[in-house]
2 protein chains.
Amino acid sequence: MTDLTQNCFRALADPTRRDIIQLLAGTEMTIAEVSSHFDMTRAAVKKHLSVLSDGGLIEVQARGREKVNRLNRHGMAPVLSWLEYFDSFWDDRLAALKTAIEKDKS
Amino acid sequence: MTDLTQNCFRALADPTRRDIIQLLAGTEMTIAEVSSHFDMTRAAVKKHLSVLSDGGLIEVQARGREKVNRLNRHGMAPVLSWLEYFDSFWDDRLAALKTAIEKDKS
DNA sequence: CAAACGTGATACCTTTTGGTTTCACGTTAA
DNA sequence: TTAACGTGAAACCAAAAGGTATCACGTTTG
């Protein structure tokens with residue numbers, strides 16, 4: 001497992017991947033379903049999904065011969081955590097945010 | 001001016017650039033000063049600073065023959081804004097955060 | 001079982017990115 | 001006015017990123 005924070009930032013850096021995240025925020029989808037929303041091959045979308053998975057932003061679950069991609073609501077934590085570290089301006093508010101995340105992890 | 005949100009995410013995707021941001025969170029610096037903290041040429045650091053500038057994360061000000069690089073505390077706004085849009089889970093807390101940013105822009 | 005389906009993985013290509021070296025240009029100091 | 005200084009910018013290079021096409025493999029369905 002390489003640097004999760006780096007993988008998370010990297011995953012968010014591509015507009016297609018951010019679009020995928022927004023898609024999955026609505027419903028979980030198979031690769032084929034996700035692919036149908038983009039003008040590129042399934043293989044390309046699969047690569048994006050792998051990067052998102054490396055960044056901890058989605059979770060993949062096998063269901064028969066399909067793989068369902070689900071958004072990980074805690075995946076943004078590394079980004080928020082870094083923002084908090086870097087800029088004391090946000091500290092109070094982001095601290096509250098992080099606390100909320102931890103609590104929700106039940 | 002291309003997509004600021006994209007440029008902002010892209011700027012944050014590189015670990016060296018995140019390090020630079022953390023450096024500049026302490027003090028403003030000339031290019032030469034920033035470069036002295038990294039094991040790479042001044043030209044390479046200059047490129048990183050350009051990317052950070054494109055992302056709206058730093059501001060550059062001429063001072064004599066030097067250029068001073070200063071952190072833009074509001075530069076993260078596009079990222080926070082996107083996080084807010086994508087995930088209703090954060091809405092309440094991030095809305096408060098955004099309000100705080102706008103107020104501070106005075 | 002055989003065929004169709006959904007996926008994973010590889011090889012390959014093009015563009016972008018992160019880095020270097022080098023040189024030109026304005027600014028300051030002697 | 002030179003000479004040194006700090007920077008900007010270009011040419012160039014290797015590696016990574018984003019994409020394609022293709023094939024192999026397990027899982028359903030007739």
Side-chain angles (χ1 to χ4, degrees), chain A residues 1-24 27-71 79, chain B residues 1-24 27-71 79:
Chain A
M1 189 186 297
T2 50
D3 187 354
L4 183 62
T5 298
Q6 171 56 23
N7 286 346
C8 190
F9 273 107
R10 179 171 113 71
L12 291 173
D14 184 273
T16 300
R17 286 194 289 266
R18 291 199 301 278
D19 287 345
I20 292 176
I21 288 178
Q22 296 198 23
L23 258 185
L24 295 179
T27 338
E28 57 184 35
M29 295 183 181
T30 65
I31 297 185
E33 284 176 315
V34 175
S35 298
S36 70
H37 289 80
F38 296 93
D39 188 24
M40 66 181 75
T41 62
R42 179 188 56 78
V45 171
K46 156 66 180 167
K47 279 193 185 180
H48 283 305
L49 289 171
S50 294
V51 174
L52 286 169
S53 178
D54 290 344
L57 293 166
I58 67 171
E59 287 161 353
V60 189
Q61 188 183 9
R63 195 156 66 192
R65 67 182 160 188
E66 298 180 340
K67 290 281 182 76
V68 181
N69 300 272
R70 175 186 305 106
L71 190 62
V79 172
Chain B
M1 189 186 297
T2 51
D3 187 353
L4 182 62
T5 298
Q6 172 56 25
N7 286 346
C8 190
F9 271 107
R10 178 170 115 68
L12 291 174
D14 183 272
T16 300
R17 287 194 287 268
R18 291 199 302 278
D19 287 345
I20 291 176
I21 288 179
Q22 297 198 24
L23 257 185
L24 294 179
T27 339
E28 57 184 35
M29 294 184 181
T30 65
I31 297 184
E33 284 175 316
V34 175
S35 298
S36 71
H37 289 79
F38 296 93
D39 189 24
M40 65 181 76
T41 62
R42 179 188 56 78
V45 171
K46 156 66 179 167
K47 280 192 184 179
H48 282 305
L49 289 171
S50 294
V51 175
L52 287 169
S53 178
D54 290 345
L57 293 166
I58 66 171
E59 287 161 352
V60 189
Q61 187 183 10
R63 195 156 67 190
R65 68 183 160 187
E66 298 179 340
K67 292 281 182 74
V68 180
N69 299 273
R70 175 186 305 106
L71 190 63
V79 173

| Expressed in angstrom and rounded to an integer, what is the separation of B/I31 atom CD1 from D/dC5 atom P? | 17 Å
| field | Interatomic distance, B/L49 CG vs C/dG18 C1' [rounded to whole Å] | value | 14 Å
| message | What's the separation between atom CG in A/L52 and atom CZ in A/R10, rounded to the nearest 0.5 Å? | response | 9.5 Å
| task | Can you tell me the distance, in whole Å, between the CD atom of A/E33 and the P atom of C/dG6? | result | 10 Å
| task | Assign each of B/E66 and A/E66 to its nearest nucleotide of DNA chain D by heavy atoms, then name whichever residue's nucleotide is nearer the 5' end. | result | B/E66
| task | Round to a whole Å and report the spacing from CD1 of B/I20 to P of C/dG18. | result | 11 Å
| request: Please report, rounded to the nearest Å, how far the P atom of C/dA9 is from the NZ atom of A/K46. | output: 6 Å
| message | What's the separation between atom OG1 in A/T30 and atom CG in A/L49, rounded to the nearest 0.5 Å? | response | 10.0 Å
| remark: Result for side chain to side chain contact (heavy atoms under 4.5 Å, CB included) between A/H48 and one of A/D19, A/I58, A/V34, A/T16 points to A/T16
| message | Using a heavy-atom cut-off of 4.0 Å across all strands, would you classify B/A43 as base, sugar-phosphate, or nothing? | response | base
| Rounded to the nearest 0.5 Å, what separation is found between the CE atom of B/M29 and the CD1 atom of B/I20? | 10.0 Å
| query | Considering only C/dT7, D/dT7, D/dC5, which nucleotide approaches the side chain of B/R42 most closely? | reply | D/dT7
| From A/K46 atom NZ to A/I31 atom CD1, the distance as rounded to the nearest 0.5 Å | 5.0 Å
| Between C/dC5, D/dT7, D/dC5, which nucleotide gets closest to the side-chain atoms of A/R65? | C/dC5
| said: Does D/dG8 have OP1 or OP2 under 4.0 Å away from a side-chain N or O of B/K67? | reply: yes
| said: Checking the side chain of B/R17 only, and the main-chain atoms of B/L12 only, is there a donor and an acceptor separated by less than 3.5 Å? | reply: no
| query | For the pair made of CE in B/M29 and P in D/dG6, what is the distance, rounded to whole Å? | reply | 16 Å
| query | Pick from A/R63, A/E33, A/E59: which one makes a side chain to side chain contact (heavy atoms under 4.5 Å, CB included) with A/E28? | reply | A/R63
Show the distances under 3.5 angstrom between N or O atoms of the protein and N or O atoms of nucleotides 12-19 of chain D.
residue	atom	partner	partner atom	Å
D/dA17	OP1	A/R10	NH1	3.3
D/dG18	OP1	A/D14	OD2	3.3
D/dG18	OP1	A/R17	NH2	3.4
D/dG18	OP2	A/R17	NH1	3.3
D/dG19	OP2	A/H48	NE2	2.3
D/dG19	N7	A/K47	NZ	3.0
D/dG19	O6	A/K47	NZ	2.4

